[in-house]
Number of protein chains: 2
Amino acid sequence: MTRPHTTRRKRANGLESRQRILDAAVEIAGERGYEGTSIAAVSAKCGLPASSIYWHFKDKDDLIAAVIERSFDSWLAAVELPGEETGTSLQRVTVMAANVAKSLVDAPDFLRLGLMLALERRPTEPRGRTVFLQVRGVARQKITEMLQTLFPELDEDGIHTLTTYAIAGADGLFVQREITGDAVDLRAMFELHAQSVHEVARRMAAGAGR
Amino acid sequence: MTRPHTTRRKRANGLESRQRILDAAVEIAGERGYEGTSIAAVSAKCGLPASSIYWHFKDKDDLIAAVIERSFDSWLAAVELPGEETGTSLQRVTVMAANVAKSLVDAPDFLRLGLMLALERRPTEPRGRTVFLQVRGVARQKITEMLQTLFPELDEDGIHTLTTYAIAGADGLFVQREITGDAVDLRAMFELHAQSVHEVARRMAAGAGR
DNA sequence: TTCCAATTGGAGTGACCGCTACAGTAAGTG
DNA sequence: CACTTACTGTAGCGGTCACTCCAATTGGAA
């Protein structure tokens with residue numbers, strides 16, 4: 001009794017259904033935003049009835065928040081942040097930019113949906129927006145730490161400004177690509193941006209040092 | 001007998017009501033996006049019944065498109081594009097960036113709503129999105145022309161890349177400010193971006209010349 | 001004064017919304 | 001075997017959606 005490996009095989013379909021619901025939801029929400037994502041549409045796309053969706057998720061807000069969380073995880077996995085490799089600071093910034101560019105091409109849903117939620121300002125903020133801002137804060141923190149190790153001569157304010165500028169460029173280039181499609185070579189533009197960020201850091205350091 | 005000044009005073013309220021409807025709509029649409037903008041909410045905010053809205057506008061799509069058009073006009077007016085003043089290319093880029101930053105602080109509705117529409121990808125594209133992409137194209141053309149006069153040594157591809165990068169930075173910085181509020185000093189960041197764009201142009205020219 | 005066109009007000013329309021109630025089914029557990 | 005747990009399927013609830021119909025109202029023209 002009480003088998004050592006109480007695997008508790010959850011009646012096969014449970015987890016798979018949850019994934020199917022999230023797959024459908026991320027697709028629809030990434031196309032149509034929060035209000036545009038109807039439970040009926042998600043239900044039709046994943047083939048499960050509305051009651052199943054509400055068994056797996058408390059309400060629509062909960063569903064969207066789960067979508068954000070999962071797509072952030074898969075995006076983070078796609079970034080493949082580089083290890084402690086050596087090289088010039090420019091090289092390391094460029095490598096990181098290339099990774100981010102690749103991840104945004106491979107998994108654009110996270111940022112597209114996230115930006116749509118972030119731009120909205122409804123009176124009662126949906127949980128999905130809060131979750132997005134949180135995970136975005138996590139990503140920002142990682143960038144800040146990297147820039148601190150790369151440019152130790154900069155003070156806190158400088159690092160803050162540099163981080164903001166780096167993220168803004170990434171967001172903006174992503175938006176450009178979402179609007180104009182493949183006409184934008186995201187990797188080339190991100191390489192350009194990496195050079196810019198590096199140059200800004202150099203200028204800042206020179207200005208502060210004099 | 002056919003008064004010389006046949007001003008045809010359109011029964012007073014006509015045009016004013018139209019403006020009131022647009023005022024209400026731009027506010028709600030800027031907060032909640034396309035799907036989130038309900039006619040009932042617009043009606044409540046402007047104090048006119050739904051039937052009046054439908055007398056002035058064909059349907060919801062038409063209303064949103066009109067909102068985009070009008071807010072683009074007021075944004076363009078806020079940009080106050082500088083004349084043929086002289087100065088170094090860096091100075092002129094910086095002045096332009098400052099103007100755009102100011103206009104985005106003063107009239108953020110245009111870009112906020114526009115970006116929300118642009119990021120959405122519903123099967124049948126709303127006219128508002130098309131209108132936004134059109135007027136955005138107009139703005140892009142102006143930037144291209146300015147950069148061409150400032151950096152005549154760059155070829156078409158270089159100008160294209162430079163324009164894309166300049167716009168991306170502006171979009172990204174705007175998004176940052178919308179997300180984090182006044183914590184972002186938009187004017188300072190735009191000045192930084194102007195320097196970056198100028199530096200990129202210099203690097204491009206040097207690279208092409210060798 | 002009569003008439004017309006420009007608006008407004010209000011009352012609805014059917015379709016869709018998020019969400020729920022509840023019975024049914026199938027697998028593991030005693 | 002009965003019993004519990006983990007879902008699925010159907011039907012439908014009240015509310016809101018975009019949108020329409022049509023009877024007022026109101027100012028200007030004839």
Side-chain angles (χ1 to χ4, degrees), chain A residues 1-22 24-25 28-29 31-67 122-128, chain B residues 1-22 24-25 28-29 31-67 122-128:
Chain A
M1 61 215 30
T2 69
R3 292 278 189 71
H5 58 89
T6 34
T7 27
R8 195 81 179 85
R9 309 235 278 90
K10 329 195 63 177
R11 176 87 169 347
N13 300 28
L15 282 180
E16 191 206 311
S17 291
R18 193 173 205 272
Q19 298 304 316
R20 271 170 57 197
I21 293 169
L22 286 173
I28 294 174
E31 283 171 357
R32 319 179 59 139
Y34 184 89
E35 300 270 3
T37 303
S38 76
I39 299 297
V42 174
S43 167
K45 174 148 282 185
C46 71
L48 290 167
S51 57
S52 287
I53 298 178
Y54 281 95
W55 192 90
H56 287 282
F57 304 96
K58 180 175 157 291
D59 53 19
K60 179 174 162 175
D61 224 39
D62 191 39
L63 171 62
I64 301 290
V67 164
R122 44 170 52 63
T124 61
E125 168 165 327
R127 259 191 60 215
Chain B
M1 61 284 296
T2 68
R3 291 278 187 70
H5 58 88
T6 35
T7 27
R8 193 76 179 87
R9 308 233 278 91
K10 331 195 58 177
R11 177 71 175 357
N13 300 27
L15 282 181
E16 191 208 310
S17 291
R18 194 174 205 272
Q19 298 305 316
R20 271 171 55 198
I21 294 169
L22 286 174
I28 295 175
E31 284 172 355
R32 319 179 58 137
Y34 184 90
E35 300 269 4
T37 303
S38 76
I39 299 297
V42 174
S43 167
K45 175 149 281 185
C46 72
L48 289 167
S51 57
S52 287
I53 297 177
Y54 282 94
W55 192 90
H56 287 281
F57 304 95
K58 182 175 155 291
D59 53 19
K60 179 173 162 174
D61 226 39
D62 191 39
L63 171 62
I64 301 290
V67 164
R122 43 168 55 64
T124 62
E125 169 165 324
R127 260 191 58 216

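Heavy-atom basis, side chains included; hydrogens, waters and symmetry copies ignored. Every chain is numbered from 1, with letters handed out A, B, ... down the list of sequences.
The side-chain heavy atoms of B:D59 and B:D62, taken from C-beta on, include a pair separated by under 4.5 Å. Contact annotation: the side chain of B:L22 approaches that of B:L63 to within less than 4.5 Å [non-hydrogen atoms, C-beta and beyond]. Annotation: side chain of B:R32 is not in contact with side chain of A:Y34 (no heavy-atom distance under 4.5 Å). Using a 4.5 Å heavy-atom cutoff, the side chains of A:Q19 and A:C46 are not in contact.
Of all heavy-atom pairs between B:R18 and B:F57, the closest is NH2-CE2, 3.5 Å. Annotation for B:E35 and A:G36: closest pair CG-CA, 3.7 Å, computed over non-hydrogen atoms.
With rounding to whole Å, A:L15 atom CG is found 11 Å from D:dT8 atom P. Atom NZ in A:K58 sits about 8 Å away from atom P in C:dC19, given to the nearest Å. Atom CZ in A:R32 sits roughly 11 Å away from atom P in C:dG18 (whole-Å rounding). Rounded to an integer number of Å, the gap from OH of A:Y54 to P of C:dC17 is 11 Å. When rounded to the nearest whole Å, the span between CG of A:D62 and P of C:dG18 equals 15 Å. Rounded to a whole Å, the CD1 atom of A:I28 is 15 Å from the C1' atom of C:dC16. Look at CH2 on B:W55: it is 6 Å from P on C:dA6, rounded to the nearest Å. Atom CG of A:L48 is separated from atom P of D:dG9 by 7 Å (rounded to the nearest Å).
For D:dT8, neither phosphate oxygen OP1 nor OP2 lies less than 4.0 angstrom from any side-chain nitrogen or oxygen of A:S51. Between A:S17 and D:dT8 there is a side-chain polar atom (N or O) within less than 4.0 angstrom of OP1 or OP2. Residue B:H56 has no polar side-chain atom (N or O) positioned under 4.0 Å from OP1 or OP2 of C:dA6.
A donor-acceptor pair is defined here as one N or O able to donate and one able to accept, closer than 3.5 Å; no such pair exists between the side chain of B:R127 and the backbone of B:D61.
Annotation: proximity of residues 36-46 of chain B to DNA chain D (heavy atom, distance under 4.0 Å) is found for B:T37, B:S38, B:I39, B:A40, numbered in ascending order.
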